[in-house]
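Comments concern the structure below.
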Amino acid sequence: PISDLEADGALIGGALSINRFSVADLTGSAFSLSGIFSNLITRPEGEVNLRLVSNDLTGLARTAGVTLPLPGTQLGKTRIDARLLLANDALEAVIDSHFGGTNLKLNGAISGFAPGLVAPLEAKPEVKAHLSIVNPSLRKFAAQSGMTLNPDPMQEAACINLSVDIAGTY
């Protein structure tokens with residue numbers, strides 16, 4: 001079920017402005033979106049800001065037909081903030097996600113995608129991204145992932161901090 005839906009926006013001179021689109025309760029999760037798009041017919045450009053907050057993603061995942069990698073209760077309280085920018089023939093994304101005590105961040109861009117719509121027809125897709133996963137407790141991260149670790153009390157302070165850089169032309 002959906003409750004407390006708010007929408008405020010306008011389409012003026014080929015630009016779509018979304019001042020606020022929000023749902024206070026979408027099967028147990030809250031969602032909000034704002035942004036602006038221009039040149040919708042020729043070469044779209046714009047920015048979207050998105051926030052999703054949930055104590056348990058199970059209901060939202062079920063409604064969306066998505067299988068979670070872990071049970072929603074195991075993932076924990078969730079907050080996802082995303083900023084997507086479509087400009088200069090590229091899509092840039094900054095996504096900051098918190099699942100329980102785990103923080104997952106993605107910063108990246110893809111250029112040359114959707115040839116003829118977003119990018120020139122001869123464009124080749126290029127991806128550049130940085131992904132990081134951080135949790136101050138390796139034991140809690142393992143438990144969140146469905147594993148059990150029983151570290152020595154001296155090792156309890158171990159954390160997880162993984163980073164990956166991705167780049168390529170396709």
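The residues of the chain are indexed from 1 along the displayed sequence. These values consider heavy atoms only, across backbone and side chains, with no hydrogens, waters or symmetry-generated copies.
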From SG (Cys159) to CG (Leu138), nearest 0.5 Å: 8.0 Å
If we ignore hydrogens and angles and just use 3.5 Å, is the side chain of Asn103 paired with the main-chain N or O of Ser97 as donor and acceptor? yes
Least distance between heavy atoms, Ser163 atom then His130 atom: CB-CE1, 3.7 Å
Can you tell me how far the CZ atom of Arg83 sits from the CG atom of Asn49, to the nearest 0.5 Å? 7.0 Å
Any chain of hydrophobic side-chain contacts (each under 4.5 Å) joining Leu60 to Val23? yes
Side-chain heavy atoms nearer than 4.5 Å, only ILVMFWY residues, links allowed to pass through others: does that put Leu5 and Phe31 together? yes
Go through the steps to decide whether Leu149 and Phe141 satisfy the test side-chain contact (heavy atoms from CB on, under 4.5 Å), and finish with yes or no. CA-CA 9 Å; Leu149 287 180; Phe141 177 77; over 6 Å; no
Measuring from Ile166:CD1 to Ile110:CD1, what's the distance to the nearest 0.5 Å? 11.5 Å
Verify, without hydrogens or angle tests, whether Thr67 (side chain) and Gly65 (backbone) share a donor-acceptor contact under 3.5 angstrom. no
With a 4.5 Å limit on heavy-atom distance, are the side chains of Ile18 and Leu33 in contact? yes
Within the 4.5 Å heavy-atom criterion, are Ser111 and Asp89 side-chain neighbours or not? no
Taking C-beta and beyond as the side chain, do Glu45 and Leu86 meet within less than 4.5 Å on heavy atoms? no
Minimum heavy-atom distance between Ala129 and Leu106, given as atom pair plus value: CB-CD1, 4.0 Å
Flag the pair Ser17 / Ile12 as yes when at least one side-chain heavy-atom distance between them is below 4.5 Å, and no otherwise. no
For Ala143 and Gln74, which heavy atoms make the closest approach, and how far apart are they? O-NE2, 3.8 Å
Output the distance between atom CG (Asn39) and atom CG (Leu16), rounded to the nearest 0.5 Å. 12.5 Å
Same apolar cluster (I L V M F W Y, side chains within < 4.5 Å links), Val164/Val134: no
Are Leu52 and Val48 linked, directly or through other ILVMFWY residues, by side chains that come within less than 4.5 angstrom of each other? yes
The criterion is side-chain hydrogen bond (donor to acceptor under 3.5 Å, both in side chains); which residues satisfy it with Asp81, sequence neighbours excluded? Arg51, Arg79
Nearest atoms (heavy-atom pairs only) where Asp56 meets Ser54: O-OG, 2.9 Å
Test of understanding: with side-chain hydrogen bond (donor to acceptor under 3.5 Å, both in side chains), list the residues that count as partners of Ser132, not counting sequence neighbours. none
Derivation of the side-chain contact (heavy atoms from CB on, under 4.5 Å) call for Gln144 and Thr102: CA-CA 9 Å; Gln144 187 179 27; Thr102 302; 2.5 Å; yes
What distance do Asp25 atom CG and Asp4 atom CG have between them, rounded to the nearest 0.5 Å? 7.5 Å
List in chain and number order the residues that pass side-chain hydrogen bond (donor to acceptor under 3.5 Å, both in side chains) with Ser145, two or more places apart in sequence or in another chain; answer none if no residue qualifies. none
Donor-acceptor check, side chain of Asp8 to backbone of Arg20, threshold 3.5 angstrom: yes or no? no
ILVMFWY cluster, Leu11 and Phe21 together (side-chain gap under 4.5 Å): yes
When rounded to the nearest 0.5 angstrom, what distance separates CG in Leu57 from CD1 in Ile80? 6.5 Å
